[in-house]
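Data first, discussion second: the structure below is written as structure tokens.
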Amino acid sequence: MTQETAQDRLIEELGALAADAPDGLLDRIAARWITAPSPLGEVAAAFTDHGVAYVRPARGFAEDFRKRVGRPLLPAARPPAGLVPALRDGRSSRVGLDLRGLSDFQRDVLLAVRTIPRGEVRPYGWIAARIGRPKAVRAVGTALGGNPVPLLVPCHRVIRFDGGAGEYMFGGAAKERVLLAEGVDLERLRELARERVFYLASDTTGVVCFPTCHNARRITAAHRHGFRSVARAEAAGYRPCRTCRPVAAQAAAG
Amino acid sequence: MCNGTGIGGVVASVRDFDCLDPVRKALLGDLDEGFAEMYGAYRCVVFSTALRMSGRRADAEDLTAETFLRAYRALAGYGPDRIAALQPRAWLLTILMNTWRNCVRTRVRKPPPDLREEPVETVDPGESVEDTAVRHEAGERLAELLGLLPEEQRAAVVLRHVADLPVSEIATVLRIPQGTVKSHVSRGLKRLRQLGGVR
């Protein structure tokens, strides 16, 4: 073999070393997005190969996402399973989330908020206590204000101890509207609060709950007793509900 | 031919719009659509270079993803004039080379656990199974030999003969004179032949 043909062969072999990027690689770089109706109106959701990363009103979404996340945003062929119903009615526990880039504290807060069932609310202090930071009530509020995935992490279900809606990134009125769509009547909670009732207990089960806990909502009027604190309910012989776990909030509110 | 007038307000200052390639046209219209266009046009050249520089498929995927992500974030801050003046391929490969060098430096400080590389598959649909097997064997050996070249020779050979860039563009990517590119390429090829010969 002459020097030239050996050289040509080497160059040809080098040329054959070119390789195309694997097909799925783009989805490690770019996010995809869809729009869907929600109690907040038309919203857009961006998702990566890890899960949903960002939810905001559809208008101005792309610029918002670029500023906040800084990833390319491409249209999706179809939404991930369960996302559209979750945005519509708040049943979101099956939707995967991409919470990379958040602080550990914020992630803890969001995951605790995710455990609040549809149709129920909890005070800010309950979240603080649940994540083992009972004094960080204000920080919980700040973390929720920066929630990248509202509706999917239902930060609207975290309200003030007195039944006030509290802050919401889309305004207090929107928060009440979303809660009402989920069957939570804040007006009733405020009435109870005016009577200094923050917990409801049943004398048939002997259990004390947050008023929106599904166990509390089943108590009939004849067997329902209101309490100002869990300590008072316990003194009266009731034990805290294991579903809504009101003790945690008590510690924080005290 | 090059008497375009731009496409209205946003890019009115960009001269010669019609002369631009589809990637830059798309980038000037919409950053995200432009990105998709850019990815489609250059994914192969970026990935090939990343694969033959790093020698590992998993690393090449990380490097490619990181390169395009950095490119997107940079483009988000660029004005229309800067985008119009961009040489997308050379620019992307410059980002890739910087990313790769950073990655190598980090790795020298903190070596990773040794992972066996799975074979690299480059399928040509017009090729028979026997052809693939023969080429595969030769290719794998050659890919290994590339890894034995000094860094600057490997970069020059990969960009010239794997990525198929002209010498002038390689000079831009590696920020060295064209004469130096040529000598790195020819020394690299010579070394590859020697390494191949002794086996």
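So that the names make sense, note that chain A is the first sequence line, chain B the second, and so on, each numbered from 1.
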I'd like to know whether [atom1] of [X] has more than 12 heavy-atom contacts from other residues, nucleotides or ligands below 6.0 angstrom.
{"X": "Arg107(A)", "atom1": "CZ", "result": "yes"}
{"X": "Glu42(A)", "atom1": "CD", "result": "yes"}
{"X": "Arg187(B)", "atom1": "CZ", "result": "no"}
{"X": "Arg94(A)", "atom1": "CZ", "result": "no"}
{"X": "Arg82(B)", "atom1": "CZ", "result": "no"}
{"X": "Glu152(B)", "atom1": "CD", "result": "yes"}

Answer with side chain, backbone, both or neither: which region of [X] has an atom nearer than 4.5 Å to a non-hydrogen atom of chain A?
{"X": "Leu146(B)", "result": "side chain"}
{"X": "Val46(B)", "result": "neither"}
{"X": "Asp62(B)", "result": "both"}
{"X": "Arg43(B)", "result": "both"}

[X] [atom1] to [Y] [atom2] distance, which is reported to the nearest 0.5 Å:
{"X": "Asp20(A)", "Y": "Phe47(B)", "atom1": "CG", "atom2": "CZ", "value": "8.0 Å"}
{"X": "Leu25(A)", "Y": "Glu61(B)", "atom1": "CG", "atom2": "CD", "value": "5.5 Å"}
{"X": "Leu73(A)", "Y": "Leu31(B)", "atom1": "CG", "atom2": "CG", "value": "10.0 Å"}

I need the residue from Phe68(B), Phe35(B), Tyr39(B) with the largest number of non-hydrogen atom pairs under 4.5 Å to chain A. Tyr39(B)

Mark yes or no for whether Asp32(B), through its side chain, and Pro72(A), through its backbone, hold a donor-acceptor pair below 3.5 Å. no

Is it true that a side-chain atom of Arg52(B) and a backbone atom of Leu17(A) form a donor plus acceptor pair closer than 3.5 Å?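 Side chain of Arg52(B) to backbone of Leu17(A): a pair is present.
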
So, for [X] and [Y], which heavy atoms are closest and what is the spacing to 0.1 Å?
{"X": "Tyr72(B)", "Y": "Arg66(A)", "answer": "OH-NE, 3.1 Å"}
{"X": "Leu69(B)", "Y": "Ile29(A)", "answer": "CD1-O, 3.7 Å"}
{"X": "Leu192(B)", "Y": "Leu10(A)", "answer": "CB-CD2, 4.1 Å"}
{"X": "Glu13(A)", "Y": "Leu142(B)", "answer": "CB-CD2, 3.5 Å"}
{"X": "Ala19(A)", "Y": "Leu51(B)", "answer": "CB-CD2, 3.8 Å"}

Heavy-atom distances under 4.5 Å only: say whether Pro22(A) touches chain B with side chain, backbone, both or neither.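 For Pro22(A), the contact with chain B is made by backbone and side chain together.
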
Side chain / backbone / both / neither for Leu74(A) at chain B, heavy atoms under 4.5 Å: side chain

